[in-house]
Amino acid sequence: MKNLITLIALALMPAAAMAQDDAPPPELKWSIAIHGGAGTLNRDAMTPERRAAYEAALQTALDAGAKVLAEGGSAMDAVKAAIIPMEDSPLFNAGKGAVFTWDGTNELDSSIMDGRDRSAGAVAGVKTVKNPILLADTVRTQSEHVMLMGAGAEAFAAEKGIAVTPPEYFATPARREALERMKAKQLSALDVDHKFGTVGAVALDQQGNLAAGTSTGGMTGKRWGRVGDAPVIGAGTYADNRSCAVSATGWGEYFLRVGVAHEICTQLRMTGDGAQGIADAVMADVADLGGDGGVILVTPSGEAIFSFNTSGMYRGRATSDGLNEVAIFGGEDKASATPDH
Ligand code: ASP
């Protein structure tokens with residue numbers, strides 16, 4: 001009997017081997033998620049025009065990142081390609097359209113991380129760098145450091161030929177009005193903003209590498225050199241090929257205290273539990289401390305996930321499985337972004 005089975009197996013082998021040779025190569029997966037900030041978004045205050053403008057800006061950023069991935073480019077390039085148009089758009093609190101500090105300036109923070117080798121770069125409090133995400137990446141690739149701040153970061157940018165712009169470029173009337181309202185009525189940043197407009201992107205490329213990036217103007221009326229979570233590796237941004245890539249938006253002080261991005265990746269790596277459950281649990285932890293906001297993440301298997309404890313988050317995701325969506329309020333997402341292969 002045993003011999004018979006061996007004979008049959010041998011007889012079948014060449015056919016099986018041939019079938020394998022003929023089989024088309026497995027389709028390579030890619031995945032991207034983006035955000036343009038979370039917060040108390042009021043459905044009634046969202047006019048159709050405003051909604052269309054946000055959706056178009058999100059779609060532009062999503063498409064730019066997805067194109068890089070679909071063409072076989074790297075997750076790092078996709079993250080930058082998605083973040084740059086959001087930094088350039090006045091709709092988001094990053095680059096042009098950044099919120100104002102108490103002193104009436106715009107001070108920008110950004111960070112980026114490569115999940116392949118966990119190399120990372122970040123800048124805080126820069127005032128003239130047009131696209132802070134590019135400076136953060138240059139810190140990663142062309143310095144021995146992870147984080148540069150203020151005038152030193154600007155000097156590094158000049159040395160490396162990074163595009164700069166007069167500081168007035170970042171100013172928009174809506175953000176200036178928010179600062180004035182805050183000062184006049186002694187309101188908090190949360191009262192005037194109602195939402196966080198930080199931008200971020202996370203990606204998985206066809207080579208299986210993960211990357212994450214985040215860029216922000218911080219919070220309206222920030223003073224004393226306040227820096228939030230966005231430029232802090234482990235708080236606002238983290239990427240590790242072994243677990244996931246995360247970008248956060250929200251009340252930075254709480255994200256710093258929880259170490260949100262690193263916490264999500266570490267829990268995933270240590271437990272192997274579902275990514276959505278872990279992200280939701282970490283966001284619940286932020287809420288328990290009194291903070292709010294949201295995260296986006298992608299996993300090595302291609303899941304593109306959102307988790308937020310606010311009424312909305314400007315967001316989008318696209319995968320090689322054909323998913324492509326942008327959304328604003330809670331509950332607007334398609335059922336699942338989990339790949340079925
Ligand atoms: N997390 C940012 C900060 O605290 C704000 C935001 O997400 O918009 O600076």
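Sequence positions, counted from 1, serve as the residue numbers for this chain. Read the numbers this way: they start at 1 and go in the same order the structure lists the ligands and their atoms.
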Quiz item: Between K222 and E253, is there a salt bridge with N-O shorter than 4.0 Å?
Solution: no

Quiz item: Under 3.5 Å, is there a donor-acceptor pair between the side chain of D229 and the main chain of F255?
Solution: no

Quiz prompt | side-chain hydrogen bond (donor to acceptor under 3.5 Å, both in side chains) involving T138 - partner list, sequence neighbours excluded | solution = none

Quiz item: Could a heavy atom of G197 be found less than 4.0 Å from some atom of ligand 1?
Solution: yes

Practice problem: Answer with yes or no whether K222 contacts ligand 1, where contact means a heavy atom under 4.0 Å from a ligand atom. | Solution: no

Quiz item: For ligand 1, which atoms sit closer than 4.0 Å to a heavy atom of G218?
Solution: 5 (C), 9 (O)

Quiz item: Between G250 and ligand 1, is there a nitrogen or oxygen pair with a distance under 3.5 Å?
Solution: yes

Quiz item: Any N or O of G252 that comes nearer than 3.5 Å to an N or O of ligand 1?
Solution: yes

Exercise. Name the option, out of V227, V99, T198, T214, that contains the heavy atom nearest to atom 8 (O) of ligand 1.
Key: T198

Quiz item: Given D229, D109, T249, which has its nearest heavy atom closest to atom 1 (N) of ligand 1?
Solution: D229

Exercise. Give a yes or no on whether K96 atom NZ has more than 12 heavy-atom contacts from other residues, nucleotides or ligands under 6.0 Å away.
Key: yes

Quiz item: Which residue pairs pass the salt bridge (charged side-chain N to carboxylate O under 4.0 Å, His left out) test with at least one member in residues 274-285, sequence neighbours excluded?
Solution: none

Quiz prompt | Heavy-atom check, side chain of V298 versus side chain of L210, under 4.5 Å | solution = yes

Quiz item: Is it the side chain (CB and beyond), the backbone, both or neither of H35 that lies under 4.0 Å from ligand 1, heavy atoms counted?
Solution: neither

